[in-house]
There are 2 protein chains.
Amino acid sequence: MTVSKTAEKSSGKSADPAKGRKDATEVQSEALQLGELSEQLGYVLKRAQLKVFENFLRCMASLQLTPAQFSVLLLVEKNPGRNQTEIASTLGILRPNFVAMLDNLESRDLCARIRSTNDRRSHILVLTDKGKAVLARAKKLVATKHEARLNELLGQANREALLAMLSKIASEF
Amino acid sequence: MTVSKTAEKSSGKSADPAKGRKDATEVQSEALQLGELSEQLGYVLKRAQLKVFENFLRCMASLQLTPAQFSVLLLVEKNPGRNQTEIASTLGILRPNFVAMLDNLESRDLCARIRSTNDRRSHILVLTDKGKAVLARAKKLVATKHEARLNELLGQANREALLAMLSKIASEF
DNA sequence: TATTGTTATACTCTATAACTATA
DNA sequence: TATAGTTATAGAGTATAACAATA
């Protein structure tokens, strides 16, 4: 909501921004003060999330998997035989929006919809062999490029503490 | 990307989900296993961010301010006299998208665009008196309802550690 | 020629209602 | 009657190109 994906350099329109000013009302034309914004958890959380997703996409460029697609593959692998409603709702994806997502994954032969014999309204979801292979490669990329970078930045212990706090917020806030 | 704003209850379609099964292939029809998903920082980060924004909106319902609008008011208050480009780019908002946002805030008499005398292309942004008053009330709501809730959940020290780590990710990742 | 604010536009993500086929 | 998957659609949020006024 607050933040977009592109950063932009600040201008600094005058030739010598450090020199004398015309009058006292003119502010110094350099970086703005974030002020209380840098203490707003929501603001920092959003900016951090965008950075993490951006990095995830870069790490996954060769496999063309978005964070959402990766989460679907992971969940289907862990819970084979569940239907669309169960997978979607666990991920917080609304069923209507899940249809196009699955169409995409299925068209790439990463997962398959199988009509359930128990309840012929349901589509059971499973990973294809290719889906399993791609997911295995994706996990490796995430571990060696994405998570490794985070561990490097924060340290293993801090990364785990961060995850624990975010989980608490996600489940209890 | 991964997560929507509404949660949904899982079904549990059979009358007695704990009792005997038809055959060994049928899975237990209760909660799904998140598996590695709960270790994915991006996934947890996104879900936490949605919860925090949701709570922010609830706390701000009386003032009808979104996180993005709050961030604009905060930044304009801290940096009066800056133009649209400077405020927008600092927040990561693209200039074209900032126009409608400002139209909204200006129509509610919370901030004003003033044609700069130095550079008549620029619109200098300032908070109106009403804007200052509303922002003051917003800050109070955020402190007493929103941040207080977070401190209650995490503890003051943890909340600060969380903020520090997220800031590091936002700026260095 | 370059920049500011703006318009137009498009694409993604999210959300709701309603249809169909099954139960 | 209710549920699963689907379609259609609408609204945010985000992205790019291009224009008028001004520098």
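Just so we're clear, the structure is a prediction, and the values are computed from it rather than from any experiment. Proteins come first, then strands; the chains are lettered A, B, ... in the order of their sequence lines, and each starts at number 1.
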Between A:E36 and A:Q40, is there a side-chain donor-acceptor contact under 3.5 Å, judged purely by atom types and distance?
no
Between B:Q84 and B:R113, a side-chain donor and acceptor under 3.5 Å
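B:Q84 vs B:R113: donor-acceptor pair found between side chains.
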Classify the side chain of A:R121 and the base of D:dT3 as holding, or not holding, a donor-acceptor pair under 3.5 Å.
yes
Provide, to the nearest angstrom, the distance between the [atom1] atom belonging to [X] and the [atom2] atom belonging to [N].
X	N	atom1	atom2	result
A:E54	C:dT12	CD	P	17 Å
B:I93	C:dT6	CD1	C1'	16 Å
A:F98	C:dT16	CZ	C1'	19 Å
A:R95	C:dA18	CZ	P	16 Å
A:N104	C:dT12	CG	C1'	13 Å
A:D103	D:dT6	CG	P	7 Å

Candidate list A:L74, A:V76, A:L75, test side-chain contact (heavy atoms from CB on, under 4.5 Å), partner A:V72, passing option
A:V76
Pair A:R159 + A:E147: basic N to acidic O under 4.0 Å
yes
Looking only at side-chain atoms of [X], point me to the closest of [options].
X	options	result
A:S122	C:dG5, D:dA4, D:dT7	D:dA4
B:D119	D:dG5, D:dT16, D:dA23	D:dA23
B:P96	D:dT6, C:dT6, C:dT16	C:dT6

Can you see if the side chain of [X] gets near the phosphate of [N] - specifically, an N or O under 4.0 Å from OP1 or OP2?
X	N	result
B:T85	C:dG5	yes
B:R120	D:dT22	yes
A:R113	D:dT6	yes

